[in-house]
Every structure is written in structure tokens, then in C-alpha cells.
Amino acid sequence: MKKKISFPQMGNYYIVAKYLFEHILDAEIMTPPKITSKTIEIGSKHSPDFVCTPFKYTLGTMIESLEKGANVLFQAGGGCRYGYYSELQEEILKELGYEFTYINFVSEGENDLKKIYHYLKQIDPHFKIRKGLYYLFIASKMVKYMDKIDDYIRLNIGFEIKKNSFQNLNQKMLKEFSKARGYFHLRRIYHQYKKKFRKIEIQKPKHPLKVGIIGELYTVMEPFSNYYLEIEMARYGIEIKRYTNVHYLLFEKGKKIKKYLKYAREYIHYKMGSDAADNIARTKYLCEQKYDGIIHIKSSFCTPEIGAMPIINKICKEYDMPIIFFSFDSSTSEVGIKTRCEAFYDMIEMRKKHERLLSRN
Amino acid sequence: MDKIKIGIPRSMYYYYYKDLWINLLKQLGFEIIISPKTNKQIMNLGNQYAYDEMCLSLKNYIGHVAYLQGKCDYILVPRIDNFGSDNQTCTNFLATFDIIHNLFEENLLNYNIDYNHHETELKGFIHLLKPFGISKKEIVTTYLEVKEKIKVQQKNEVRTNLKKLNSLNIKILIVGHPYNVYDDYIGKPIIKILKQLQTEIIYSNLFNPKIAQEESKKISKTLYWKYSKEIIGCIPRIIGKIDGIIFLSTFPCGLDSLVNELAIRKLKLPTLNLVIDDMDSLTGFETRLESFVDVVRERKKQKNEEKN
């Protein structure tokens, strides 16, 4: 039986994962089905009651890909209870009667390279470590380029003249990325598209509203799980700044966390699990950079972020900074979120106008 | 000179370290103030200061700290990160200090346990107590002395707990974190109901932790939380001797939501998953516990008849 691999989905990063596994393993790689409201419905049906929402999303995606014929599933993670998802998910799926191999890249809550090598060898006996490392390098660069472009898009998408021009071009770029022949080819594509993105016409005022988005990593990065909140906000004509992305989590977090702790020393002394300490330091940074507002996103029951919330709130009070907290669950209503977004936008816009009037006098 | 007063909140960490703290600090010449047993007033204080999404145990802790406000010179709030990378703790255990630090303006005493970064318990105490003018030698000797004493005490507790397994009554194992099971607001009412139903209660945390750690692998291979391992690890060894298991957790406990679910799926005994959010009314719990005990009792009867 030919092996068909699938994995949980998060944002556009499935392209990178697919690219990587396609090149290093002799197996069919399945694009995980797109997350819909049905995915989350299936996921929450089989999940424990008060587990955090990413568990439900990933479980839903896994069930959907198993239905479509996948027989090898990948899961990875670490940090908080994300590292422990896999064992329970495997148990749930086996009880549902699916037959598959479940590959769990996690040991003791951290990703372990030796174990990963061992597993990959199991799937494909011809797996070569040198080839694996080369494509891993390309994949890491791809993540970096994607995140850089994403940052640019977030700053400008609210001011585009032709609707959807940014998103369409991004889709085109990702398609080309997935066909890259090697590192230099990938780099060439990136630079080409960087120029193209710069050429997209925008109409940006001199001092636009600026909003920073912080929060729990999965809900921030998977647009479906936050009901496309980022784009929704940007459409009001707002510059969006977001720090959490895969490149940050994989390559920068280790270095930056010490700086962050030093920077926010009056509020926190230690790491608080997952991204909580990072978010607190970012809150202070956003306040000092005179942003117009902060949006905090998390899935419900995310313990580290709940711990961070009182501290974030305290900082915002000290700097007189508007902040809004969103907690997403499978049953959150989309209309409610839109209303709250609108109200938040109205409020920060009014504040800005008021400030301008004051400074003119 | 008056003795320095150190306040200890009777919640979370207290149930793991009470003997160590009380003995050590008393011998080194501090006065200790422990907050009273949890009652309605403390819970209300907790709800007032805490965020509504926090778990009940953390709200409880915050309530105890709020009670101690202004009643002592320092409040002891440790931070426990890990005991090696396969012995981590709940996220709340690493965040509590910073949360308390931001919510209250009291003087806090803090030590950090982080074995991955070579921060051991003894080192923590030395850092903590040196500023009070106590010599390193004195701290180390008292610490070791107290540790030795606690070991003997723990052995006795384990022995009495094991003796209960020979009882002829219905034996029910309570799996839950000690700070929930022994708390007067969260766990004690449940235990009281169970005792009224004439059952023998066996506590999951009163077993040899080293053996429990090893045995927990039979239930979950990748589990990496120290405290979860220790309470779940006793199950494989005593499963033949008990009649039912009650999983006691607070809403929304991050670890228990996953670990208990996995254990319930793997065990073939009557289990009850009690998630506690509010203890204002006990009627619901009474009904559930009664029916559970009935099921267990019937099952035992049938088994005995089959044997005869």
C-alpha cells in the first residue's frame, strides 16, 4: 500500500510542509483539506470539553484527511499542552476505527531531531540525511520569505486601490514557491515578487491608524480560527503589525526571549510558558511606539495567555492604551466579533481625531 | 526584635511543600502565618481579584493571597518551572509569581526551581534566605535535616494509604491534584459525601512518587508533567484492588483536560469525571456520586456472585 501523508494545517504554511516532505520522502503527500466550519464541528464532537481550540481544529483536519484516504499523519508541537496533544489524538482516532500510522515528532514536550530522523527512516527506508538537511534549509528560507512578504502585506493591505490585489499576488507567489527547484531559484522568485508587491498601487495617508496584534500562536496564525480578523481590521484602513509567525517561533524566539524579559523587567521576572512573556514585552513596546490600539487574540482555555492577560491589561492602563481581548471557541459567533471590531475601530479613530485637534490648538 | 512574619497561602504549592516550608522557616527563626482553610469569603476575594477565565485553583490561590494582604511582612510565592525536561509543571505554576506580583503590592518572597537551567530547590532557598543574614551553612544543614524528617513522614503516609487497600468496603480511588482534593472548598465536600456513602477512599497522591513516575508510562508514554505523572502513576499497580475511580479536577484545568480523558479511555473500570467550577450547591454532586457508588456496588456484587 502506498503511503499517503497528511498533517494538520495552519495558515499558508502547509505549502512549506508539503514542499519539504515531497522532496525528501518517497511517498504521496496530501494537501490537508481546507478548514471549514464543518472541520471544527467534527473536531469538537470528538474532543474533550474544555481542551483549547487548536486541539479541535487539528483533530477535525486529521479526521477529514483520513476520510480522504491519508494513512500517515504527522503532528508536532511543544511549549504548553500542545506537546501532549498527539497521544490523546491518536487514541481518539484509533477508537473511531481509522487505520493509520501516527507519527509524533514530540518527546518530552520538545521536538527531538534524533527521533524525527528515526521516524522518517521508518516511512521511507531510502531517506538520506544530507538531502533532508538541504531541503530543511530551503524550507526554513521559504518560511522566512513568506513571513517577510506577509509583514509587508499586513502593513499595506488596508490601502489597496484594486480589491484583492495583494491576496491574489500572494497566492501566485506561493504557487511558484512550491515549484522552486533549489535555494537560488527560490531566492530569485522571492526578489521578483518583492518588486511586484512594491508596485501594487496603494493610497496611504501620512499617519494611518496603527494596530498591533498579539496573542496565542495558533489562533493568531490560522486565519480561519480568528474569522479573518486581521484582514477585517485592515479593511478599515489600518496598518496591522503582528510579531508571531513561524519564523519567529523557530529561529528567533530562543535569542529574543532574554531581551524581552530584560525589556519588561518591571512587570515580569520569568518566562510564563508558551508566548505569554513575549506578548507582555510586545505590549510594552507597542505602547511606547505610540500605536493606536492593541488586539489580543487567543483560543478559549489557553492557560498561558490567561495568565498574561492581567499583566497586559495593567500595562495598557498605565500607558492609557486601548486594548480589546478576543477569545475564540468553536461556538463563537462571527457577527458578534464583527460588531466588536467595528466598535473598537470607531473608538480608536475618534481618539486619534481628538488627539490631532488637541495638538493643533 | 520582633520575628519576621512570613505568610503562606493555603493553596496550590502549600499542599506539596507545607512540611518543608513550615519546618525550615520555623527552625531558622521566622514566624509563619498560614491563611485559614478555604471558605466562601476567600473564594469571593479570589473572584474579585482574579480573571474570570482563570482556573478555579488559581482563583483560590489569589483569594488566599488577598486574605494575607497586610497581615504579614512577606508572602511566600515560589515559581516552579521543571524538574528536568520530562518533569515539567502546569503553566500556572510558572506564571503565578508574576501574576501575583502584578496584582498585589505586597512584598513577595520568591525562589525559582528550574532544573533545566540548574536552579535547584536548595539553591533557591539559599538565594531566598541569605539576605536575612542567615549563613549558607546553617541553611544547608537545616534543609537536609528537614528533608530527612519529611521522608520518614511520607513513608508512614504511604503505608497507611496502602493499608486501606485491604478493606472490605467499596474502595474508590480519587485521582486529583492534592491542592484540589484536600482543599476545604473544592475537594473536602466531595470526600465527605463519599464517606457518608460508606466507601473507603484511597488518595492517588499518597504513593511512592518514584514508582508512580515509572508506572505512569503504562498509561501515557509521552506525559511530561511531574504532578500529573505522580497522581496517575498509581493506577496500574492497584487497579485489581479498587472498585472505581473518580477523577477530580477544576474547571478549566489544562493538564487534566487531556490526561484524564486519555486515562478514562484506556481504563476498563467504572470512572467518574468530576469537573468542579462552583461549589455553591452540592445537590448535583450528591446525585452523581450516589449513582456512581450504586453502579460500583452492583458491579462488585455481581463479581462476588460469579466467584462463588
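In the text below, chain A, chain B and the rest are named by the order of the sequence lines, each starting its count at 1. These values consider heavy atoms only, across backbone and side chains, with no hydrogens, waters or symmetry-generated copies.
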Kindly state whether the ring of A/F301 and the ring of B/F251 have centres lying under 6.0 angstrom apart.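 Centroid distance A/F301-B/F251: below 6.0 Å, so yes.
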
Identify which part of [X] has an atom lying under 4.5 Å from any heavy atom of chain A, answering side chain, backbone, both or neither.
X	result
B/L58	neither
B/R79	side chain
B/F97	side chain
B/V259	both

Least distance between heavy atoms, A/F50 atom then B/P252 atom: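 So the two residues come closest at CD1-CA, 3.6 Å.
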
Chain B contact residues among residues 312-319 of chain A, heavy-atom distance under 4.5 Å: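 Under the 4.5 Å heavy-atom cut-off, A/N313, A/K314 qualify.
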
Counting heavy atoms not belonging to [X], are there more than 12 under 6.0 Å from its [atom1]?
X	atom1	value
B/E214	CD	no
A/F326	CZ	yes
B/R237	CZ	no
B/K123	NZ	yes
A/E95	CD	yes
A/K121	NZ	yes
A/Y285	OH	no
A/K271	NZ	no

For a side chain to side chain contact (heavy atoms under 4.5 Å, CB included) with A/M272, tell me which candidate from B/I99, B/T91, B/D81 qualifies.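 Of all the options given, the one that passes is B/I99.
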
Side chain to side chain contact (heavy atoms under 4.5 Å, CB included) assessment of B/N110 paired with A/Y270: CA-CA 11 Å; B/N110 168 253; A/Y270 301 110; 2.6 Å; yes

Which bit of [X] comes within less than 4.5 Å of chain B, counting heavy atoms only: side chain, backbone, both or neither?
X	answer
A/I92	both
A/K298	side chain
A/S327	side chain
A/E266	backbone

Is B/E261 close to A/S47 at the side-chain level, that is, under 4.5 Å between some pair of heavy atoms?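 No, every pair of side-chain atoms sits at 4.5 Å or beyond.
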
Does a side-chain heavy-atom distance below 4.5 Å link B/S257 with A/F55?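 In short, these two side chains do not touch, never coming nearer than 4.5 Å.
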
Quick one: [atom1] on [X] to [atom2] on [Y], what's the gap to the nearest 0.5 Å?
X	Y	atom1	atom2	answer
A/L88	B/R265	CG	CZ	6.5 Å
B/E53	A/I306	CD	CD1	4.5 Å
B/L255	A/T303	CG	OG1	7.5 Å

Interface residue of largest heavy-atom contact number with chain A, from B/L94, B/L258, B/N273, under 4.5 Å: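 Winner by heavy-atom pair count: B/L258.
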
Short side-chain to backbone donor-acceptor contact, B/D98 and A/H269, under 3.5 Å: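 Answer holds: yes.
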
Once salt bridge (Lys or Arg N to Asp or Glu O under 4.0 Å) is applied, do any residues pair with B/R288, and if so which ones, sequence neighbours excluded?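 Residues passing salt bridge (Lys or Arg N to Asp or Glu O under 4.0 Å) with B/R288: none at all.
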
With the threshold set at 4.0 Å, does a side-chain nitrogen-carboxylate oxygen contact exist between A/E87 and B/K221?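 Salt bridge between A/E87 and B/K221, a charged N being under 4.0 Å from a carboxylate O: no.
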
